[in-house]
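Written out below as structure tokens is the structure these notes cover.
What you are looking at is a predicted structure, and each value in this text was computed from that prediction instead of being measured. Chain identifiers are assigned alphabetically (A, B, ...) following the order of the sequence lines, protein sequences preceding nucleic acid strands; residue numbering begins at 1 within each chain.
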Amino acid sequence: MENFDSLKKTPLFERHIELGGKIVDFGGWALPVQYSSILDECKAVRERCGLFDVSHMGEVDIYGSDAYAYVQKMVTNDVTTMTPGRCRYAVMCYENGGAVDDVLIYKFADDHYMFIVNAGNTDKDFEWMQQHVFGDVRVENNSKKWGQLALQGPDHQKVLDAAGFTGEIPEKYYTFNDKMTVAGVPCLVSRTGYTGEDGVELYCAAEDTVRLHKALMEAGKCVDMLPCGLGARDTLRFEASMPLYGHEMNENINPMECGLGFAIKLKKDYFIGIEALRAPQTRKRIGLKLVGKGVARPEAEVLCNGEVVGVVTSGGPAPAVGGNYAMCLVKADADEAGKWAVSVRGREIECEFAPMPFYKR
Amino acid sequence: MIPTDRRYTREHDWVKFEEGIAILGITDHAQEALGDIVYVELPDIDAEIEIGESYTTVESVKAASPVDSPVSGRVVEVNTELDEKPELLNEDPYGQFIAKIACAEVNQDALLTAGEYEQFLAENKED
């Protein structure tokens, strides 16, 4: 028996084993990389439905009468126009513009927001957030109290119907309803996801997670839903060209370089890192499609017109569109119409510039 | 069932000897562990391979895995069918070879019989 004792586990660890999940160490968490096949699981999400355990994600609540001002200071996006029941994507930056983490913000009330943060960053983020508290602001790391499932794919509604629910499923993208029950389990349901497919994410009390997962797996039989692992999650987000912290962005790669301008409001008076992001950038994120045979993995050198201009940050097959692709961080002035290649084990593989996202539903 | 007409390594490769030619492939356990195979980087014909040197890289969706050769010699044939259909290695690992090497030297110590390999698998079972 492989020893996962030293790893953190979500409430669904035993379920993953039961369902034949291949467990791996994912940033200190014991989670399934796949159950059946990564490609089959990707296909299920694109064509029907897939269910992911994302309980490892962190949840940090922000309370207090200064919560709005605090959030404005902490993130790149503008939350002024957010009303309760809305979600918004943003990045927390260091003063030098480097990314602390990318976060999904949930607004409950003017004095209550919640940040969904990357599992491996939860402690670091929480510490960073605590350091910057001012006035009437309280931040709480409530990650352990929540279970989180992602139900993704065109048939997700049928699965929810079969599971039974009360309350209204949020209709608009990036909205949520925190007063639902699904299969009798009290839930927050948001119209969000990390797959490039329509779907919802469900948050429930940690102790209810197994019950909710079992009910959704049972309900999912009506559409031949598959449980999906982290491998499929990564491939799906890659096809949709969504950045992954630690790859497309990190403390040394700022969100502007990462191409997240839509989530960076430079007209705001202030947020931590704004000056650095206002400055001209020296690098940019681009997409490449491999024309020659081979697969480009992170760290592979990227060449434009024969000159090394950057590195691959994520690479692999994009099964929904066919072929192998790469997301790369390259010099800002690299010629997009130039002759592209990636260097893999000393061999140059010819590429062509590929607009992102690689896959669009 | 593990075919008895060939030998195995502890790295989950198989090798079949036919008239001085070593035919190399990966085992069912290897393809299972790799998951969906999306690309097989075949060696060049006439390439000289050393014992313990990687002669191919098998790429699954998530990782690139170099495969070491239990023999030395010159590559005389590669399975070009894998160029278009790398998934054949998942579907039929014992029926699909990766490369054939005109064998100069064999690391006999590294090779197990089917029975020994089966026992090795049982002893190292992860579950």
Side-chain angles (χ1 to χ4, degrees), chain A residues 1-4 16-18 20-26 31-43 228-239 244 247 290 292-300 312 314-320 322-326 342 344-347 349, chain B residues 12 26 28-50 52-69 75 78-93 98-99 120-127:
Chain A
M1 174 107 190
E2 217 166 317
N3 193 348
F4 297 112
H16 298 318
I17 306 271
E18 276 169 41
K22 192 188 283 182
I23 307 296
V24 296
D25 175 352
F26 176 76
L31 284 164
V33 64
Q34 66 174 67
Y35 299 87
S36 46
S37 128
I38 293 177
L39 296 178
D40 288 350
E41 292 168 20
C42 288
K43 198 169 155 70
C228 299
L230 294 169
R233 184 169 155 86
D234 186 50
T235 294
L236 292 161
R237 71 92 197 165
F238 171 71
E239 287 183 325
L244 172 62
H247 287 254
L290 278 70
K293 288 184 191 307
V295 185
R297 304 289 180 184
E299 303 299 321
V312 171
S314 292
N324 289 305
Y325 286 78
V342 290
V344 176
R345 294 183 287 278
R347 196 166 56 88
I349 303 173
Chain B
H12 308 287
I26 61 170
D28 187 51
H29 178 93
Q31 71 78 20
E32 181 75 35
L34 288 165
D36 296 315
I37 293 167
V38 296
Y39 179 64
V40 182
E41 189 178 75
L42 298 166
D44 295 331
I45 299 287
D46 287 339
E48 293 287 341
I49 305 292
E50 299 292 325
E53 185 189 352
S54 110
Y55 73 97
T56 180
T57 299
V58 178
E59 305 250 11
S60 64
V61 179
K62 287 301 150 219
S65 308
V67 181
D68 296 344
S69 175
V75 176
V78 295
N79 185 353
T80 49
E81 215 181 341
L82 297 175
D83 263 344
E84 293 307 318
K85 293 183 175 170
E87 67 273 15
L88 289 174
L89 280 189
N90 288 121
E91 291 161 10
D92 187 15
I98 295 173
F120 172 77
L121 283 180
E123 283 165 7
N124 293 277
K125 206 164 171 13
E126 307 160 5
D127 60 6

Tell me, out of Gly316(A), Gly315(A), Gly231(A), who's got the most heavy-atom pairs with chain B below 4.5 Å. Gly231(A)
Quick check for you: among Thr235(A), Val33(A), Val344(A), which has the greatest number of heavy-atom pairs under 4.5 Å with chain B?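 Heavy-atom pairs under 4.5 Å are most numerous for Thr235(A).
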For the student: nearest non-hydrogen atoms of [X] and [Y], plus distance:
X         : Y         : answer
Ala64(B)  : Arg345(A) : CB-NH1, 3.9 Å
Arg297(A) : Lys62(B)  : NH1-C, 3.5 Å
Lys22(A)  : Glu32(B)  : NZ-O, 3.0 Å
Val295(A) : Val38(B)  : CG2-CG2, 4.3 Å
Pro317(A) : Val61(B)  : CD-O, 3.8 Å

Any chance [atom1] of [X] has more than 12 other-residue heavy atoms, nucleotides or ligands included, within less than 6.0 Å?
X         : atom1 : result
Glu50(B)  : CD    : no
Glu123(B) : CD    : yes
Phe120(B) : CZ    : yes

Please look at Glu59(B) and chain A and tell me whether the side chain, the backbone, both or neither of the residue comes under 4.5 angstrom of a heavy atom of that chain. both
Measure Asn90(B) against the heavy atoms of chain A and call it side chain, backbone, both or neither at under 4.5 Å.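 For Asn90(B), there is no contact with chain A at all, as no heavy atom is under 4.5 Å.
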Between Gly35(B), Ala63(B), Ser60(B), which has the largest tally of heavy atom pairs under 4.5 Å with chain A?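 Answer, by heavy-atom pair count under 4.5 Å with chain A: Ala63(B).
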Heaviest contributor of heavy-atom pairs below 4.5 Å to chain A, chosen from Asp36(B), Thr57(B), Val40(B), is Asp36(B)
